[in-house]
Amino acid sequence: MRRVLATALLTLVASAAGTVTATAQGEHFIGAITCTKSLTSGLTCSGKAAGLGNRATAAFLSAESVRADYICVNRGGNTAPGQGTEFNRVVGPSRNFNPRNGQITFNNVNLPIPDAPSAPDAGCPNGNWRLDLTRVVYNDVVLHIQQNGTDILFKDLGDIVIPPEGTVVF
């Protein structure tokens, strides 16, 4: 009986030692997140996420606030200071992706430039002046990856200022 018990125990230990348990890494970004800044299109990000399973996944950007600054320009090209327009808790459009092998490659996830106010509302002398956008400040930008309306992954991108225009890597 002892010999049978010892053999069974050794077999169990050998089996356990030879077994490798595969564990999946949780949701995570792969590589860098790249965002392009532009005074015409706003903030546009792309990147890759994994560990998402096979459920439909949405990606979008949000900002706690966005401030757009303008100058007023008359028909003769003369300028006058305009006023900034501020928007609180801004959320960009959601883009939907179907994971392949638990991964998505997202692109064109955008936080657009806010709609411009009328020239008089922006502080221009009258409606004959046009507005030129000079600066946009996105405060506390977050990239969200959601499934079933719940964040499963996010990346805090901080404050982003345009200009300068160009690309930022996170």
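Both backbone and side-chain heavy atoms feed into the values below; hydrogens, waters and symmetry mates do not.
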Please tabulate, for side-chain N and O atoms in residues 107-117, each donor-acceptor pair with protein atoms closer than 3.5 Å (sequence neighbours left out).
unit_1 : atom_1 : unit_2 : atom_2 : d
N107   : OD1    : R95    : NH1    : 3.3
N110   : ND2    : S41    : O      : 3.1
N110   : ND2    : L43    : O      : 3.1
N110   : ND2    : T44    : OG1    : 2.8

Where do L157 and C35 land on the side-chain contact (heavy atoms from CB on, under 4.5 Å) test, with the steps shown first?
CA-CA 10 Å; L157 306 178; C35 299; 4.0 Å; yes
Same cluster (ILVMFWY, side-chain, under 4.5 Å), I71 and V136:
no
Would you list the pairs meeting disulfide (SG to SG under 2.5 Å) in which at least one residue belongs to residues 132-170, sequence neighbours left out?
none
Hey, are D151 and Q146 close enough side-chain-wise for a donor-acceptor pair under 3.5 Å?
yes
Per the ring-ring contact (aromatic ring centres under 6.0 Å, His included) rule, what does the pair list look like for residues 146-170, sequence neighbours excluded?
none
Between side-chain atoms of residues 96-103 and protein atoms elsewhere (two or more places apart, or another chain), which donor-acceptor pairs fall under 3.5 Å?
unit_1 : atom_1 : unit_2 : atom_2 : d
Q103   : OE1    : K48    : NZ     : 3.2

N/O donor to acceptor pairs below 3.5 angstrom from side-chain atoms of residues 122-133, sequence neighbours left out:
unit_1 : atom_1 : unit_2 : atom_2 : d
N126   : OD1    : N128   : N      : 2.7
R130   : NE     : D132   : OD1    : 3.0
R130   : NH2    : D132   : OD2    : 3.1

Please collect all side chain to side chain donor-acceptor pair (under 3.5 Å) contacts where either partner lies in residues 50-60, sequence neighbours excluded, each pair once.
T57-Q147
Going by side chain to side chain donor-acceptor pair (under 3.5 Å), name the pairs with one or both residues in residues 72-81, residues two or more places apart or in two chains.
none
Checking side-chain contact (heavy atoms from CB on, under 4.5 Å) for the pair E86/V66: CA distance, chi angles, key distance, verdict?
CA-CA 6 Å; E86 189 154 339; V66 178; over 6 Å; no
If you round to the nearest 0.5 Å, how far is CG of L143 from CG of D156?
10.5 Å
How many angstroms lie between CD1 in I30 and NE2 in H28, if you round to the nearest 0.5 Å?
4.5 Å
For E64 and V141, indicate whether the former's side chain and the latter's backbone hold a donor-acceptor pair under 3.5 Å.
no
Identify which one of T36, V137, T134, L39 satisfies the side chain to side chain contact (heavy atoms under 4.5 Å, CB included) criterion when paired with I162.
L39
At what distance, to the nearest 0.5 angstrom, does OG of S65 lie from CG of N88?
6.0 Å
Mind checking side chain to side chain donor-acceptor pair (under 3.5 Å) for R67 and listing every partner two or more places apart, or none if nothing turns up?
D69
Taking the side chain from D140 and the backbone from A63, do they hold a donor-acceptor pair closer than 3.5 Å?
no
For S118, what residues pass the side chain to side chain donor-acceptor pair (under 3.5 Å) criterion, not counting sequence neighbours?
D121
Could you tell me if the side chain of V142 sits less than 4.5 Å from the side chain of K155, heavy atoms only?
no
Mind jotting down which residue pairs meet the ring-ring contact (aromatic ring centres under 6.0 Å, His included) criterion with at least one end in residues 42-86? Sequence neighbours excluded, please.
F60-H144
Would the distance check show the side chain of K37 and the main-chain N or O of P164 forming a donor-acceptor pair, the cut-off being under 3.5 Å?
yes
T150 meets the side chain to side chain donor-acceptor pair (under 3.5 Å) criterion, sequence neighbours left out, with none
Across all chains, not counting sequence neighbours, the ring pair (Phe, Tyr, Trp, His ring centres under 6.0 Å) partners of F106 are none
